[in-house]
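Basis for what follows: all heavy atoms, side chains included, without hydrogens, waters or symmetry-related copies. What you see is a predicted model, and the numbers here were worked out from it, not measured in a lab.
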Amino acid sequence: MVSDLTDDIPFGATSTAAEVIAGTDLRGRRAVVTGGASGIGAETARALAGAGAEVTLAVRDTEAGARFAKTVVTPPDSRPVRVAALDLADQASVAAFVDLWTGPLHILVNNAGVMAPPETRTAQGWELQFATNHLGHFALSTGLHPALKEARGARVVAVSSVGHVNSDIAFDDIHFERRPYDKWLAYGQSKTANILFAVEAAKRWAADRISVNALNPGRITGTNLSRYIGDVSAAPASFDPTSTDVSWKNAEQGAATSVLLAGSPLVAGVTGRYFEDCHVAPPYVPGVRRGVADYALDSGNAARLWHVSLDMLGRDDTAIA
């Protein structure tokens with residue numbers, strides 16, 4: 001069983017990022033955390049930097065990033081947290097970030113995201129959630145592939161969601177050009193894409209010693225991700241704080257699984273998996289907002305999405321692997 005890979009991990013739904021990385025020395029490792037100025041991204045960055053990693057916050061609002069960076073306590077012999085501009089919905093911004101990166105990259109946490117906005121499209125006509133949550137991170141990760149390869153043991157972490165169970169990839173209409181826009185289906189599709197990216201990248205990059213995993217952080221209270229929801233009565237039932245279908249967490253707890261996958265020796269060598277509550281997730285059971293849907297781990301879907309994503313970006317395989 002896949003759960004055997006993590007059965008001995010002594011952490012769970014209520015563990016914090018600081019707890020899962022305690023005692024781990026990340027000095028000499030360089031990390032990028034997208035959306036690292038707030039929410040679970042900030043707590044992920046705080047924990048990694050606290051363990052000695054040289055952390056770069058890849059954020060849209062660099063002023064907010066700089067304010068947060070000043071609050072992060074790092075070991076005396078490690079570098080302060082850096083801040084760099086990145087707008088995942090803007091492919092030019094992604095390309096600029098990649099072009100400016102030099103040297104190895106040991107940890108890439110694809111954390112930033114948008115959830116359930118009104119119908120919005122990028123300059124290319126792409127639906128915003130798919131463009132940001134998947135295509136932006138796909139372009140970033142593949143663009144940084146040489147730096148990840150150079151690290152000789154890099155880890156890529158894709159922050160997905162239990163919301164992926166709401167939708168497979170609608171390959172015949174990804175951008176809602178022929179069907180009515182549904183913000184929750186669009187969100188679910190983008191989160192499924194995050195998992196499928198991890199499945200395919202793990203396969204493609206295994207020879208480069210790059211581990212790639214996805215995760216569900218749980219339902220996190222008080223973050224900017226929920227800014228479009230408004231009244232929870234308009235959201236799915238699992239967004240009600242009284243719901244027992246999901247793991248409700250604060251930001252420090254929500255960052256724990258990301259930090260485990262990014263830096264803990266307990267998951268060394270584990271790749272191509274989907275985690276929740278610091279363990280490999282079981283199969284999804286309809287009616288229970290936990291686990292991973294079969295279609296999100298399907299190797300055929302993963303390979304197809306990889307090629308579709310390359311086509312959307314106007315790139316080919318030879319440029320990235």
Side-chain angles (χ1 to χ4, degrees), residues 2 34-35 88-89 109-117 119 126-142 156-204 212-219 225 228 235-236 238-239 245-246 257-258 261 271-276 280-313:
V2 294
T34 69
L88 290 163
V109 183
N110 291 332
N111 165 84
V114 60
M115 180 173 70
E119 184 172 6
W126 299 333
E127 188 277 317
L128 181 64
Q129 295 183 84
F130 190 84
T132 302
N133 299 347
H134 171 62
L135 287 173
H137 280 129
F138 179 86
L140 179 69
S141 301
T142 54
V156 179
V157 180
V159 179
S160 182
S161 167
V162 70
H164 82 275
V165 303
N166 291 336
S167 180
D168 194 352
I169 305 296
F171 284 106
D172 60 342
D173 191 18
I174 286 175
H175 297 293
F176 292 84
E177 295 168 322
R178 293 182 295 278
R179 55 181 169 147
Y181 176 70
D182 183 311
K183 62 186 179 182
W184 294 112
L185 289 180
Y187 179 69
Q189 175 179 245
S190 73
K191 296 288 99 179
T192 292
N194 292 154
I195 304 171
L196 290 173
F197 163 76
V199 171
E200 183 67 8
K203 176 182 176 181
R204 287 172 172 261
V212 191
N213 292 288
L215 69 108
N216 165 31
R219 188 74 70 233
L225 185 64
Y228 291 113
S238 60
F239 281 79
D245 284 348
V246 296
T257 306
S258 293
L261 292 173
T271 189
R273 306 295 187 180
Y274 174 83
F275 281 66
E276 61 186 6
V280 174
Y284 167 64
V285 176
V288 179
R289 302 284 289 185
R290 296 178 186 275
V292 59
D294 289 343
Y295 55 70
L297 297 178
D298 184 88
S299 60
N301 286 348
R304 184 179 181 185
L305 179 63
W306 190 278
H307 290 292
V308 166
S309 301
L310 289 174
D311 287 344
M312 288 180 186
L313 297 175

From the list Val157, Val159, Val156, side chain to side chain contact (heavy atoms under 4.5 Å, CB included) with Asn110 holds only for Val156

Report task. Could you check if a side-chain atom of Pro282 sits within less than 4.5 angstrom of a side-chain atom of Arg290, using non-hydrogen atoms only? Result -> no

Side chains of Gln189 and Phe176: does their closest heavy-atom pair fall under 4.5 Å? yes

Exercise for the section: Say whether, by atom type as modelled, one donor and one acceptor occur between the side chain of Glu276 and the main chain of Gly218 under 3.5 angstrom. Expected result: no

request  = Would you mind reporting whether Val162 and Arg219 have side-chain heavy atoms less than 4.5 Å apart?
outcome  = yes

When you compare the side chain of Tyr187 with that of Val114, does any pair of heavy atoms fall below 4.5 Å? no

Here the pair of heavy atoms bringing Ser160 nearest to Pro217 is O-CD, 3.4 Å

Nearest heavy-atom contact between Gly272 and Val199 is O-CG2, 4.3 Å

In short, Ala116 meets Lys183 closest at the heavy-atom pair O-CD, 3.5 Å

Contacts of Glu119 meeting salt bridge (charged side-chain N to carboxylate O under 4.0 Å, His left out) (sequence neighbours excluded), chain-then-number -> Arg121

CG (Leu140) and CG (Leu135) are apart, to the nearest 0.5 Å, by 12.5 Å

Please check if the side chain of Thr34 supplies one atom and the backbone of Ala112 the other of a donor-acceptor pair under 3.5 Å. yes

Answer whether the closest heavy-atom distance between the side chains of Ser190 and Met115 falls below 4.5 Å. no

Residues at least two apart in sequence or cross-chain that pass salt bridge (charged side-chain N to carboxylate O under 4.0 Å, His left out) with Asp173, listed by chain then number, are Arg179

| task | Without swapping roles, check the side chain of Asn301 against the backbone of Ile169 for a donor-acceptor pair under 3.5 Å. | result | no

Heavy atoms of Ala293 and Tyr284 approach each other most closely as N-CB, 3.7 Å

Rounded to the nearest 0.5 angstrom, the CG-OG1 distance for Leu305 and Thr192 is 9.5 Å

*For this output row, return yes or no: ring centroids of His175 and Phe130 closer than 6.0 angstrom.*
yes

Sorted by chain and residue number, the side-chain hydrogen bond (donor to acceptor under 3.5 Å, both in side chains) partners of Asn111 (sequence neighbours excluded) come out as none

d(Asn216 CG, Thr257 OG1) to nearest 0.5 Å is 8.0 Å

Main chain of Val212, side chain of Thr271: is a donor-acceptor contact present, judged purely on distance under 3.5 Å?
yes

In this structure, CZ of Phe197 is separated from CG of Asn133 (nearest 0.5 Å) by 13.5 Å

Distance col, row Tyr295:OH vs Leu196:CG, nearest 0.5 angstrom, shows 9.5 Å

All heavy atoms of Ala139 vs all of Thr142, minimum pair found to be O-OG1, 3.3 Å

TODO: Apply side-chain contact (heavy atoms from CB on, under 4.5 Å) to His137 and Leu88, showing your working.
DONE: CA-CA 7 Å; His137 280 129; Leu88 290 163; 3.3 Å; yes

Could you please spell out the steps behind the side-chain contact (heavy atoms from CB on, under 4.5 Å) verdict for Phe275 and Val280? CA-CA 4 Å; Phe275 281 66; Val280 174; 3.7 Å; yes

*Decide yes or no on ring-ring contact (aromatic ring centres under 6.0 Å, His included) for His164 and Tyr274, but give the supporting numbers first.*
CA-CA 11 Å; His164 82 275; Tyr274 174 83; 5.2 Å; yes

> Using the ring of each side chain (for Trp, its six-membered ring), is His134 parallel, tilted or perpendicular to Phe138, with breaks at 30° and 60°?
Replying inline: tilted

On a heavy-atom basis, the closest approach of Trp126 and Met312 is CZ2-O, 3.3 Å

CD of Glu200 to CG of Asp298, rounded to nearest 0.5 Å, is 11.0 Å

| message | Determine whether Asn166 and Arg289 satisfy the following criterion, side-chain contact (heavy atoms from CB on, under 4.5 Å), listing intermediate values before the conclusion. | response | CA-CA 10 Å; Asn166 291 336; Arg289 302 284 289 185; 2.9 Å; yes

